[in-house]
Amino acid sequence: MATFWRAFPCSKAELDLGLTLACGQSFRWAMVPGAISGVLAGRVWRLSQTDTHIRYQVIGHVGDKPTPSRPGRKNQKRKSNTPIEPNNETVQKKIKSEKNVDTKKQTEMMTQAMTSNTEGTKISKIKTEDTEEVTLKTEAGLTEDDICISVLRDYFQLDVKLTDLYEQWCKADPHFKQVSPNFTGIRMLRQDPVENLFSFICSSNNHISRISGMVERLCEAYSTQQYELYGVTYYAFPTVSALAGKGVEERLRKLGFGYRARYISETAQYIMKQGGESWLYNLRTLTYEEAKAELMKLSGVGAKVADCVCLMSLDKTGAIPVDTHVWQIVNRDYKHKLGTTKTLTDKTYKEIGDFFRQIWGPYAGWAHSVLFAADLRRFQERKTSPEKKAVAKKSVKKKKSR
DNA sequence: AAGTGACCTGG
DNA sequence: CAGGTCACT
């Protein structure tokens with residue numbers, strides 16, 4: 001069976017793939033020619049977008065070739081940032097759904113597919129370059145493609161009507177109204193809490209290019225499921241159990257994690273002591289305040305990282321991570337409403353979150369990500385203002401990150 | 001409670 | 001110094 005593109009209708013105002021996947025929420029999507037590729041829900045995806053549709057294809061499943069990593073074994077370095085893939089759309093790899101090891105997650109997704117509210121965004125399958133239909137069905141009677149669609153709907157949270165939210169935020173906030181037109185379609189992903197948490201533990205006092213590399217090395221070293229295609233290896237994110245093992249801190253230090261190596265090791269062990277990954281998933285059922293308090297007990301997790309996890313994988317739509325970047329935005333664009341202060345204390349941190357929640361409402365965290373993205377250096381070219389001289393000066397070939 | 005410094009590494 | 005956290009005045 002050949003892989004092929006499928007698509008569903010979706011406007012760029014509802015979801016801008018490029019912005020959403022590159023605005024610092026997730027660190028593992030790779031820009032490849034004509035598409036974005038990455039691992040999600042046990043599958044290796046390629047995604048792209050037209051003016052009217054999101055296009056997607058699954059090119060493999062992690063776990064097809066289980067190769068448990070052994071501590072001490074040297075992993076061969078692969079530049080998955082720039083996969084060498086033929087433009088040829090047909091890939092001969094068979095999808096072996098009967099061998100799919102990720103049945104637990106799959107079941108969860110199917111359940112969500114059955115129960116999710118579908119009236120907001122209607123999904124209709126469009127076959128663009130298909131050669132044959134996917135006929136494999138699960139016990140629940142779903143085709144592989146039914147599952148793919150539910151995975152994407154869940155990950156991109158397509159039941160949330162983003163254009164309505166933008167409208168509301170614009171009405172409530174003049175500054176948002178001024179900035180947002182060049183940054184439409186930025187929505188919160190609903191990430192896997194494990195990947196989200198450990199990735200953002202790596203983010204402390206660190207920059208994006210390095211975080212991406214660290215997450216990549218974390219996967220190379222501790223992922224238990226992977227899939228190789230055209231010389232590129234795609235990894236499932238490591239399990240908490242794998243990260244809780246003996247000697248993890250030492251190995252991660254050697255891999256350049258610095259003091260975050262201890263954070264990762266201790267946090268993994270703490271989670272295992274609480275009952276494993278299910279403990280983390282269960283934070284979704286708590287209130288924002290409760291979930292944040294639990295997260296802040298973890299090593300290497302302060303207010304900012306806790307808010308990132310609450311917002312990006314625990315469904316706390318009002319959580320607002322206040323980092324130095326947001327701090328700058330506040331002092332530059334909202335200082336008239338909030339007294340300008342010198343340092344970011346616990347008190348100020350809370351005041352800023354409350355301030356934005358009061359303005360933007362229950363989805364304040366989503367709104368925050370729009371302004372955050374609009375402030376990223378790499379997106380400055382999107383701004384219509386002609387004063388791009390400061391940016392042009394810096395436009396060296398610094399395309400090191402994905 | 002606000003302020004200060006160390007902590008890993010690399011651009 | 002960089003999209004922080006932790007320990008300690």
Side-chain angles (χ1 to χ4, degrees), chain A residues 19-28 81 183 186 188-189 191 196-218 221 248-268 270 292-313 319-333 338-353 356 365 368-380 393-402:
Chain A
L19 284 177
T20 298
L21 294 179
C23 67
Q25 304 181 54
S26 56
F27 298 101
R28 295 217 298 145
N81 286 353
F183 296 89
I186 298 177
M188 244 31 238
L189 302 170
Q191 297 190 59
N196 186 211
L197 171 62
F198 287 95
S199 297
F200 276 84
I201 287 178
C202 296
S203 77
S204 74
N205 194 21
N206 211 346
H207 33 348
I208 295 184
S209 58
R210 194 171 154 223
I211 299 167
S212 305
M214 289 166 62
V215 173
E216 181 75 27
R217 291 198 293 281
L218 192 67
V248 168
E249 176 178 350
E250 292 72 19
R251 182 143 178 236
L252 290 181
R253 281 208 175 252
K254 286 186 187 127
L255 290 174
F257 281 66
Y259 54 83
R260 302 166 198 85
R262 181 171 57 83
Y263 292 162
I264 289 170
S265 170
E266 287 180 351
T267 289
Y270 178 90
K292 181 174 177 179
E294 287 301 311
L295 287 170
M296 287 182 67
K297 294 175 184 171
L298 303 173
S299 175
V301 179
K304 191 267 175 180
V305 171
D307 273 331
C308 284
V309 178
C310 281
L311 175 64
M312 299 174 185
S313 64
I320 301 202
V322 183
D323 54 26
T324 57
H325 216 136
V326 172
W327 177 241
Q328 285 177 44
I329 294 174
V330 168
N331 285 313
R332 187 191 61 212
D333 304 323
L338 261 168
T340 170
T341 47
K342 286 285 193 299
T343 57
L344 184 50
T345 65
D346 290 350
K347 187 162 167 281
T348 326
Y349 188 104
K350 181 148 194 351
E351 282 173 0
I352 291 173
F356 281 129
H368 132 280
S369 75
V370 176
L371 292 194
F372 183 88
D375 238 47
L376 287 177
R377 162 97 66 76
R378 86 172 83 106
F379 290 151
Q380 289 313 295
K393 188 176 146 191
K394 284 277 193 176
S395 69
V396 196
K397 257 196 141 177
K398 216 181 144 223
K399 281 288 216 176
K400 205 213 156 181
S401 70
R402 308 151 303 167

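Counting atom types as modelled, A/Y259 pairs a side-chain N or O with a base atom of C/dG4 as donor and acceptor under 3.5 Å. A donor-acceptor contact under 3.5 Å is not formed by the side chain of A/R262 with the base of B/dC8.
Regarding A/Y270, its OH atom lies at a distance of 13 Å from the P atom of C/dC6, rounded to whole Å. In this structure, A/R377 atom CZ and C/dC1 atom P are separated by 13 Å, rounded to whole Å. Following rounding to the nearest Å, A/I320 (CD1) and C/dG4 (C1') show an atom-to-atom distance of 18 Å. Per the geometry, CG belonging to A/D307 stands 14 Å off C1' belonging to C/dT5, to the nearest Å. Distance CG (A/L311) to P (C/dG3): 18 Å, rounded to an integer number of Å. Here B/dG11 presents its P atom at 11 Å from CG of A/N206, a figure rounded to the nearest Å. Regarding A/K350, its NZ atom lies at a distance of 14 Å from the P atom of B/dA2, rounded to whole Å. Rounded to a whole Å, the CD atom of A/E216 is 16 Å from the P atom of B/dG10.
A/G24 comes within contact range of at least one nucleobase, with a heavy-atom separation under 4.0 Å. Looking at heavy-atom distances under 4.0 Å, A/V326 makes no contact with the nucleic acid at all. Residue-level contact check: A/I329 touches neither bases nor backbone, having no heavy atom under 4.0 Å from any strand.
The side chain of A/I208 lies closest to C/dG3, out of C/dG3, B/dC8, C/dT5. The side chain of A/R210 sits closest to B/dT9 out of B/dT9, B/dG3, C/dG3. Candidate nucleotides B/dT9, C/dG3, B/dC7 were compared by shortest atom distance to the side chain of A/N205, and B/dC7 ranks first. Among the nucleotides C/dG4, C/dG3, B/dG3, the one closest to any side-chain atom of A/T345 is B/dG3.
The phosphate of C/dT5 has neither OP1 nor OP2 within less than 4.0 Å of any side-chain N or O from A/R260. Between A/S203 and C/dG4 there is no side-chain N or O to OP1 or OP2 distance below 4.0 Å. Contact check, A/T343 against B/dG3: a side-chain N or O comes under 4.0 Å of OP1 or OP2.
Interatomic distance, CG of A/L371 versus CD1 of A/I186, reported as 9.0 Å (0.5 Å rounding). The CH2 atom of A/W327 sits 15.5 Å away from atom NZ of A/K304, with the distance rounded to the nearest 0.5 Å.
Ring orientation note: the planes of A/Y259 and A/Y263 are nearly perpendicular, at an angle over 60° on the 30°/60° scale.
Of the P atoms belonging to B/dC8 and C/dC8, the separation is 15 Å, rounded to the nearest Å. Taking the P atoms as reference points, C/dG3 lies 23 Å from B/dG3, given to the whole Å.
In the model, A/E266 has a side-chain atom that pairs as donor or acceptor with a side-chain atom of A/S299 under 3.5 Å.
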Please test A/F379 against A/F372 for ring pair (Phe, Tyr, Trp, His ring centres under 6.0 Å), starting from the C-alpha separation and ending with a verdict. CA-CA 10 Å; A/F379 290 151; A/F372 183 88; 9.8 Å; no

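The base-pairing partner of C/dG3, taking Watson-Crick or G-U wobble contacts with both distances under 3.5 Å, does not exist among the strands shown.
Summarising the geometry of A/A261 relative to A/R253, their closest heavy-atom pair is CB-CG, 3.5 Å, with the distance given to 0.1 Å.
A residue-by-residue look at A/M312 and A/Y263 shows that A/M312 has its nearest nucleotide of DNA chain C further toward the 5' end.
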